[in-house]
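See below for the structure under consideration.
The structure presented is a predicted model; accordingly, all values stated were derived computationally and were not measured.
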Amino acid sequence: MPLTDAAPIVTRRVAIPESWTLRAYLDSGGYVGLRKALTMAPEAITQEVLTSNLLGRGGAGFEAGKKWSMLRKAEPVYLVVNGDESEPATFKDHMLLETDPHQILEGVLICAYAVGAARAFIYVRGEFALGQERLTAAVNEAYEYGAVGRDIFGSGFSVDVVVHPGAGAYICGEETALIESLEGKRGFPRIKPPFFPAAVGLYGAPTVVNNVETMSNLPWIIEHGGAAFAALGLGRSTGTRIFSLSGHVNRPGNYEVEMAKVTFRDLVENPRLGGGIRNGNELKAFIPGGVSAPWFGPEQVDMALDQDAVGKAGSMLGSGSVVVMDHTTCAVRAVWRITRFFHRESCGQCTPCREGSGWLEKVMRRIEEGAGREEDLELLLDVCDNIAPGLGWPPQQTTICVLGPSIPSSIKSGVNMFRDEFLTHVKEGACPYG
Amino acid sequence: MADTTSQTDTVTITVDGEPMAARPGEMVIAAAERGGVYIPRFCYHPRMRPVGMCRMCLVEVKGPRGFALQPACFIPVADGQEVVTRSAKVKKAQDGVLEFLLVNHPLDCPVCDKGGECPLQDQTLAYGPGETRFVEEKRHWAKPISLSALVYLDRERCIQCDRCTRFADEVAGDPLIEFKGRGDHIEIATFPDQPFASYFSGNTVQICPVGALLSRPYRFKARPWDVEQVESTCTMCAVGCRVAVQSSGSELTRYIGLDSDPVNHGWLCDKGRYSYEYVNSEERLSHPLVRKAGELVEASWGEALEAAARGLQGARAVHGAASLAVLGGARLPNEDAYAWAKLAKGVLGTDNVDAQLGDGLPAEAVLGLPRATIDDACSAPAVVLLAPDLKEELPVLYLRLRAAAVAGGVPFLELTPRRTGMSKYCRTSLAYRPGEAPALARALVDGISGSEVAGVPAASVAAARELLGAEGAVVVLGRPSLAEPGESIAAAAAVLAGGLPGVRFLPALRRGNVLGALDMGLAPGLLPGRVALADGRAWFAGAWGAVPEARGLDAADILGAAAQGRIQGLVLLGADPVADFPDHQLARAALSSAGFVVSVDTFLTESSGQADVVLPAAAFAERAGTTTNLEGRITRLGQKIVPPGVARPDWMIAAELAFHLGGDLGVESLEDIWQEVERLAPSHAGITRSLLADRDHRDGVVAPFDGRVPTTSRPPAEAATATGVGSTTAVPGAVDPMSTPGVDAVETHGLPATEVAPAETAPSGGIDPGPEGEERQVGAAVATSAAPPMLAWSSEHGPQSPPPLDGYALRLVSGRSLYDQGTLVQHAPSLAALAAPPRLRANPYDLERLGMGQGGQVRVRSNRATFLADAVPDAGVPRGSVWLPFNAGEGSAGEVVDAAAPVTDLRVETP
């Protein structure tokens, strides 16, 4: 049983047959939020979203309404929706794009109306072929239906929506790299400051960049009011949220649960959720919010899925992906695999990440393959320190974007939590897990 | 309110506890540097947009959440900002970045061209760790690979600083190289099948902070510690880019662009950069030649000068001084040009003198119109281009103007008979019919009533007129086409001069020191100092002894007279009229009919090969002196090596020849000549040698001198560290080694021979500017008060108007390409290989009419010649016109141009 009786919001249609079609969407109450929104003043919508305290679901967890209020006052304004979900073990936007594209679109239109966007772009990860197909079909249906384009539902408000496929780079999920990519350039992140998209975004215009799941919450919030959303969850962590649960659990998958009222243990063990660790194995460690996040051990498993609590404990809920590792996991190998991912995905723009990611991967591989040296542990931490000085949380960085300081998260977790295991690799000249 | 300006002019920041004044808008890295705190860097370049990529310049900047590491190149200064550059945290970050940069760097310094002048080496020494902790296998690439005919890339050495790619895109406008791949496998790459064929590619080698980009001509040729250098000015065109001339032994090895704020911003074109190869050429003339029994044979200077003097005297004795002529002189430094002007006009007694070869503009127009500088053009309310393709002929001027259009927002208006490299940066480009520029100029000034003028629709003229609303437009004035006469363009200029209030002109003449040669009087009807013959006769007769009575002939008329046998003694002063005069047929006829020909040259050309006496001249970097760029800016030339054999500077040849002619130029040194110039030439009054050697005037002095000390917007590195007065041989002492690697590392020796000691003529006494610069331009430093006035010009008569269009003919447009069959290019092997064969370009519509829409071989017919040509469809050539390049080899425009006609019409037919 789910531990709270909160009904799902963004995943409520996933079980409906052909949920991605306009017919199914309308039959299940679709576009009610947009119709209501168009009767409201744009500022009133922003106010509802502020009241809801909807936190961005992309990874940084910034208040969506606050982001909209920070826009530089200039014309035009663009809305960019980030559907480039690429964080390993994160697969919630993937599902939303394939099962409920109209809900995303409705959220996009509500947001576009609220911020006065001249055009909205939905940037979809290149590998999501089906998601792109269904979203594009949904946009076409919505144009025909009158929900997109000129004079939406006779309200006088017009906006066009463009679906843009990515080309396979993790870095393009970083909002400024995404903007560069949309502009037809290499996906190199911009330097912040001064280029916060709210001030200088797409084509130099003030731009809102929000995640697909964030958008998907808007129809419900407008229909039921921001206060209803804020009544769910606790503290700043309001509403429900999808968690992508993966790793050594019996029932990996996407679970939408009320924030801050459910713990990691619930997520892993509840029979309606993770259903426990495979083969009854011991929990060794888990990653609470995507591979960019520092790891937690069994002692943190009773922590609530609360953004601020997790942040205070030295990690993050991030993209909402929880990776569970049981006691058969080789920590060194896990760290190496994650480091290899960052090495492959470093865009190469700035020195510490470009060179550091490759160096760290090479050292990690050497240790895993049994050719490590004891001093490599300090070397790893010091090289990490040169990317994220101080190795604290939230991290500082010598790099342009946060990909750089994401690399040390798993390395520092691995070395600090499983130092003995690292040393065993070094001393035995082999991986004890085979 | 009173002090708002002072508040906005500077802000105060604190760097390592020290308060520093900074300019709003500048970056911390620049402000700190001016204040004496050098922050290490690789990707930052003061002449380009910052990118913050290398992270070497990380410093701590205090923000709302306390101090945080920020790239100093990307953080604008703000009042009260606190910056820490020397904390342990900063040191660790910088050490870390350097270590990262070296992780995949091959450290093959011993075989790297950059070794010894490498910013990465230097900064590793200054900031980096002593040894590496990296024990893994480095990244490997095939090395080097070719990016173009001039540039190699060693990807293993690349540190991905984005300097070359940024330069190609934002400075050169040739985005032909880009990053490819990602992470530590990122590389610089060209696009498939598109080499990095930019006219400015060498700059990327110059600013590369490691040895990743290599100059093919320089590769493995020298090491910095074997090289010496001297500061000079490139004279491959009239822009006047400042260069460091470097040599090893008696060979030139390299030119590096120096940052002259008003001129080249550190950039060079590839033609200038690699032109040192011609100086080194084995085919240089090294000994005098005298024709004996039909053959040119080596002779001593005495014998050759005697033969030259005898030939010229003989002609004068029989046919009079009017039968003598001197063609050329634009290759010469100012002092040499002056000596030759004095020899021709004062000793030989002829005014048939022309430094231009019919491919320029009437000298009176060039000297008499109000002048603008490059900076004036770049800040003008509007710029009118009535000029050749600047990208081809004056490349670095193109860079400056392009930047003004792209980044500065200056509106450009182009009047051109065909599309040029600047067209896409112009708000309006008006394609006028060849020969009809004056009519279009008139319409721009007065408006038009009909539907079109000179082939330009009335609506386009109206749109263009809107750009010219404000006072003070600058006209860049040169020859848009060599197939229409200079008089036609001068007439158009006269219309603009009379009709646009406050208009000023920037001459776009091509040859190295053509403006200096005109200033020195190497033109008919003119005397040194921009003085008309009639006005200056008394003044110069007093100084020189004699001055010709009547105005002489210009190049076209000299060649015309020669062809008719009326020129019996002709001196070619580095001139090759058979190649350079637009009408080759006339030039050939003239040379074969001229009685006696003396050539003073660096190479044997088609023209000098026909001379009776050939005198070998010193070339660039083999002699000192001064040169004058298209702004009228006078800068010093440096001598670095000695001429081949017994070749001599042109002024010495003039002085010796004068003796052999029974005269005396009265000069024994460059110093003598310049003192005389400064004393006699009104436009050069006050421009003393010590002024030119003064560090305040290191970017040169524009004549006439207004007495002002220039304020510079030079990047801080150089402004802060430029050495003071007295370092006369100087490449600027400590330029930022990051912005111009290769200059700082090389020892500046040079030959100090040309420099006067600054004490000799104290600048304060000689150049007192007085309260108003304008008033003292004439003769304040001249002892007597009788100095003649400088020229002011307005056109008295309109040019010949072109005949009506013949429906079967196409009207010719022609101009030069950067790499052509010119003597110097052809003697620089790296450049010679880049010269393209001539192609005829015509509008697709006109080729379609021949049934040749895709191009192909066509027959070109004119009353001069018939030949086959490769035709290419080109929408940049208007309908009814046809383009042939000039001096591009057989089948170039010179074969068909008739210098006497207002236009040249061609029949283009299927073969």
What do you reckon, is [atom1] of [X] surrounded by more than 12 foreign heavy atoms closer than 6.0 Å?
| X | atom1 | answer |
| --- | --- | --- |
| B:E131 | CD | no |
| B:R133 | CZ | yes |
| A:K185 | NZ | yes |
| B:K424 | NZ | no |
| A:K66 | NZ | no |
| B:E136 | CD | yes |

Item checked: Side chain / backbone / both / neither for B:E178 at chain A, heavy atoms under 4.5 Å -> side chain

Notebook entry, point to check: What part of B:L101 lies closer than 4.5 angstrom to a heavy atom of chain A: side chain, backbone, both or neither?
Noted result: both

Item checked: Minimum heavy-atom distance between B:G181 and A:R186, given as atom pair plus value -> O-NH2, 2.6 Å

In Å, rounded to the nearest 0.5 Å, how long is the span from [atom1] of [X] to [atom2] of [Y]?
| X | Y | atom1 | atom2 | value |
| --- | --- | --- | --- | --- |
| A:N386 | B:K92 | CG | NZ | 3.5 Å |
| A:Q349 | B:I186 | CD | CD1 | 8.0 Å |
| B:F74 | A:R190 | CZ | CZ | 10.0 Å |
| B:M56 | A:T398 | CE | OG1 | 12.0 Å |
| A:I191 | B:M53 | CD1 | CE | 9.0 Å |

Checklist line | Residue pair A:V383, B:F100: steps toward the side chain to side chain contact (heavy atoms under 4.5 Å, CB included) verdict | finding: CA-CA 9 Å; A:V383 171; B:F100 283 136; 3.7 Å; yes

Next item on the list: For A:E355 and B:R139, run side chain to side chain contact (heavy atoms under 4.5 Å, CB included): C-alpha distance rounded to whole Å, both residues' side-chain angles, the deciding distance at 0.1 Å, then the answer.
Entry: CA-CA 10 Å; A:E355 304 294 345; B:R139 172 197 60 196; 4.3 Å; yes

Which atoms of [X] come close to chain B, meaning under 4.5 Å heavy atom to heavy atom: side chain ones, backbone ones, both, or neither?
| X | value |
| --- | --- |
| A:Q396 | side chain |
| A:S357 | neither |
| A:F188 | side chain |

Checklist line | Verdict with reasoning, A:K362 to B:V103, per side chain to side chain contact (heavy atoms under 4.5 Å, CB included) | finding: CA-CA 12 Å; A:K362 285 171 179 171; B:V103 156; over 6 Å; no

Margin query: I'd like to check A:T351 versus B:Q160 (side-chain heavy atoms, cut-off strictly below 4.5 Å). Are they in contact?
Written below: no

Check: Who among A:I171, A:D385, A:D382 has the most heavy-atom pairs with chain B under 4.5 Å?
Finding: A:D382

Item checked: Best-contacting candidate, A:G348, A:C353, A:P352, against chain B by heavy atom pairs under 4.5 angstrom -> A:P352

Margin query: Whether the side chain of B:R182 engages the backbone of A:R344 through a donor-acceptor N/O pair (distance < 3.5 Å, no angle test) should be reported.
Written below: yes

